[in-house]
Amino acid sequence: MELPKTYNPKETEERIYKLWEDSGYFNPDNLPEKHKTPFAIILPPPNVTAALHMGSALMLVIQDIMIRFERMRGKKTLWLPGTDHASIATEEKFLKDTKVSKRDYAGKRQEFIDLVTEFALKNQKTILKQMRAMGSSLDWSRLKFTLNPDSINAVHEAFIRMHDMGLIYMGSGKVVNWDPKGQTVVSDDEIEYEPGKTILYIFRYAKDFPIAISTTRPETKVGDTAVAVHPDDERYKKYVNKTFDVNFAGVNLSIKIVGDPFVDPSFGTGALGVTPAHSIIDSEIASRHNLPTRQVINEYARMSKEAGQLLADKKTTEAREILVDHLRKQGLIEKEEIIDQNIPRAQRSGGIIEPLPKRHQFFINVNKPIKERGNKTIRELLKEVVEDGKIKILPERFERIYLNWVDNLRDWSISRQMWYGIRPPVWYKPPVPVDSNIEYKVSKIKPAGEGWEQFNDTLDTWFSSGLWTFSTLGWPKQTSDLTTYHPTNVLETAYDIIFFWVARMILMSKVLIGDIPFKTVYLHGLVRDEKGRKISKSLGNNIDPLDMAEQYGTDAVRMAMIIGTSVGNDSKVSPEKFKAYKHFANKLWNIARFTLMSLPDEIDEKADLTEKDKNLLKQLAELSEDITRDMEEFRFYLAGEKIYHYIWHTFADRIIEESKNKLNDNDSEIKKSAQKTILRILTTSLKLLHPFMPFVTEEIYSKLPIKDKKLLMIEDWPA
RNA sequence: GGGCGGUUAGCUCAGUUGGUUAGAGCGUCUCGUUUACACCGAGAAGGCCGAGGGUUCGAAUCCUUCACCGCCCACCA
């Protein structure tokens with residue numbers, strides 16, 4: 001058979017992918033009988049915010065390698081695809097791309113949602129196409145989207161069950177992380193801290209006030225209700241539990257002195273003005289001492305009426321200047337010093353976080369013993385599965401990072417004031433009172449009676465993502481998919497979402513079905529450009545994986561992404577690397593050309609092998625074992641490198657070169673042995689390489705003179 | 001403040017958990033168009049494995065101190 005001199009990925013890939021898809025083998029139900037032991041990976045659903053980037057390409061490659069490897073090893077492999085509506089991220093992206101403001105849609109919620117949906121679906125279509133182009137052997141018959149009716153039903157079911165368990169509660173004016181720019185609550189994990197400098201003011205509320213306090217946010221001090229000192233601080237002991245009435249910047253404050261061990265006596269004056277409404281720490285001190293709360297900042301980061309005439313309606317930054325000026329004139333400031341302080345910003349919108357009390361927000365209690373789960377709390381459940389080794393995190397160092405996160409975990413705020421997303425199954429009767437709690441009902445359908453309306457807030461997108469390993473398999477129904485594939489085998493994702501997603505999946509799975517969601521977590525690093533910079537649109541250094549695939553072939557892209565990328569470490573990509581593996585695909589192609597040219601149409605299977613040839617096969621068998629071990633232990637980068645090296649520098653450079661004489665040998669024994677050997681080596685090499693470079697290997701395999709051939713994708717892995 | 005990772009050839013990175021002369025790709029140099037492949041082949045140069053100290057028969061690998069780069073967490077008001 002004559003092959004062209006050069007491998008042509010473009011001509012091959014689409015055709016081969018269709019061949020695979022038509023075979024039905026992406027769906028585990030269609031795999032041959034012997035594929036019994038289940039092996040499942042649920043694809044981390046890409047956000048429908050934009051087209052695929054390098055990071056998602058890497059994720060697809062690693063997972064496809066695992067899946068193809070296990071499929072060839074005879075496992076009943078399921079790789080389930082999906083996409084994520086990504087509520088907050090998609091809204092932000094839509095607003096940015098279309099350059100509109102959400103205010104333009106005030107009162108037009110549905111219209112806005114429709115536009116975002118349209119935007120999301122367009123991206124989704126592109127993403128699905130790109131996933132195919134990467135060669136991903138995903139079971140498309142099970143494709144899911146987080147806003148499908150089934151997914152929404154699972155979210156509602158989860159909400160209701162967790163509410164029944166007493167895990168979900170409505171906070172009554174708990175202090176939340178408010179993002180004034182994005183106009184929504186965000187969770188602790190959605191905050192990023194930016195290093196900065198600020199002025200620490202040491203001052204007294206009034207001349208006759210006995211204690212000077214220190215603060216970086218004087219404008220919030222009109223909301224103070226206490227001063228906290230360390231209980232053992234000799235300077236202040238005599239004042240503890242006394243209350244002082246002062247007029248501060250025109251506002252009458254009643255300040256109680258409380259002793260709290262949280263206070264560091266060596267910082268500032270060792271006295272902390274407690275602002276229960278505008279600091280999470282202060283609100284915790286306040287709740288320990290039953291202090292009242294005074295909200296003086298509103299949701300637009302402006303001072304409220306309660307802040308007094310001097311400050312009312314001013315932006316917080318203006319209010320600070322006004323107040324400091326006022327204090328200076330009054331001679332109340334004792335000291336000003338510049339200190340380091342980090343500025344908390346909302347990860348998505350960039351808005352500066354303004355802690356404030358907000359009613360009617362739902363939280364997940366992480367410290368409540370769960371009757372149904374052996375009276376363990378969420379934090380205990382999260383901890384024990386990793387400590388007991390039921391879930392293994394790779395690389396191992398992330399286990400400590402994870403456990404550290406659990407140790408610092410506060411209740412998870414799940415309400416968001418976004419529009420594009422899943423609303424909780426919660427009903428209320430408007431109007432909503434600002435200053436008190438409301439009565440609400442939790443139910444999938446509208447409660448009987450007049451006037452019930454569904455809550456306008458939506459749920460944190462990670463709430464629905466947390467259910468992903470089992471909601472995609474049919475939960476809450478006890479489907480056969482659920483019993484067969486859950487817990488899934490591997491969760492493969494980038495390390496930067498270990499808290500957002502990995503931890504939340506463990507949480508949801510342990511709480512709702514009492515089992516772990518996966519056995520192994522494989523975390524890959526971030527993909528950076530050749531200068532080590534994060535790839536982003538604003539830097540203009542985005543390398544589109546599909547462009548690369550177009551230029552160098554998908555197999556080359558896959559190989560380039562995997563080699564040199566060890567678990568958990570960031571990797572760099574550059575066009576040169578893709579080019580190198582394009583050459584490799586071509587090399588393999590020519591090895592196949594040579595082999596096919598040298599072989600007769602029919603190979604004499606019964607021919608005896610010479611000792612030398614037997615040795616070559618033995619060496620390859622050893623390599624196969626070695627590579628198999630690497631694959632089992634998730635060292636794909638090593639396995640890929642080894643097979644690459646073998647094919648090029650052992651098979652091509654040595655074995656084929658040396659065989660040239662043998663294949664022309666007059667002695668038919670030597671000749672037949674060489675023919676048989678070379679074909680076997682090529683076949684085994686193709687199998688070993690197939691998970692990494694599926695297209696070119698499948699294409700070559702289809703041309704080999706082997707009897708009873710199947711598709712390479714389901715051939716037996718070299719044992 | 002607490003923790004983690006990195007530092008190996010000009011560049012990008014491996015080095016499978018202590019074992020012969022430290023590897024790959026790209027790049028550089030020399031030679032070669034022999035019908036698998038010039039997207040190739042043959043060969044070469046290039047590394048006190050960040051610095052110091054220690055353990056060991058033996059260290060890039062283990063311990064320790066330090067330096068630089070990067071990251072995560074906490075949020076001292």
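In the text below, chain A, chain B and the rest are named by the order of the sequence lines, each starting its count at 1. Note that the coordinates shown come from a computational prediction; the quantities given were computed from them, not determined experimentally.
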Considering every strand and a 4.0 Å limit on heavy-atom distances, what is the contact class for [X]: base, sugar-phosphate, or nothing?
X        : answer
A:Tyr581 : nothing
A:Val263 : base
A:Ile281 : sugar-phosphate

- prompt: Is there a side-chain contact between A:Leu620 and A:Tyr646 (heavy atoms, below 4.5 Å)?
  reply: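 Yes. Closest side-chain heavy atoms under 4.5 Å.
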message: Just so I know, are the side chains of A:Ile255 and A:Tyr205 near enough to count as touching, which here means a heavy-atom distance under 4.5 Å?
response: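 Yes; the side chains approach each other to less than 4.5 Å.
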Counting side-chain heavy atoms from CB outward, which of [options] is closest to [X]?
X        : options             : result
A:Lys642 : B:U16, B:C39, B:C72 : B:U16
A:His645 : B:A24, B:A36, B:C75 : B:A24
A:Lys660 : B:A42, B:A77, B:A36 : B:A36

query: Over how many whole Å does the gap from A:Glu657 atom CD to B:G41 atom P extend?
result: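 The answer, rounded to whole Å, is 9 Å.
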Length of the line joining A:Glu194:CD and B:A74:P, which is rounded to integer Å: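 Distance, rounded to whole Å: 17 Å.
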Hey, are [Y] and [X] close enough side-chain-wise for a donor-acceptor pair under 3.5 Å?
X        : Y        : result
A:Thr493 : A:Trp501 : no
A:Glu284 : A:Ser287 : no
A:His278 : A:Glu354 : no

field: Each stem that RNA chain B is part of, given as range with range (3 or more consecutive Watson-Crick or G-U pairs, under 3.5 Å)
entry: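 RNA chain B stems, ordered by first number: B:1-7 with B:67-73, B:10-13 with B:23-26, B:28-32 with B:40-44, B:50-54 with B:62-66.
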- prompt: What about A:Lys587: does its side chain form a donor-acceptor pair under 3.5 Å with the base of B:C37?
  reply: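 For A:Lys587, whose side chain was compared with the base of B:C37, there is a donor-acceptor pair (under 3.5 Å).
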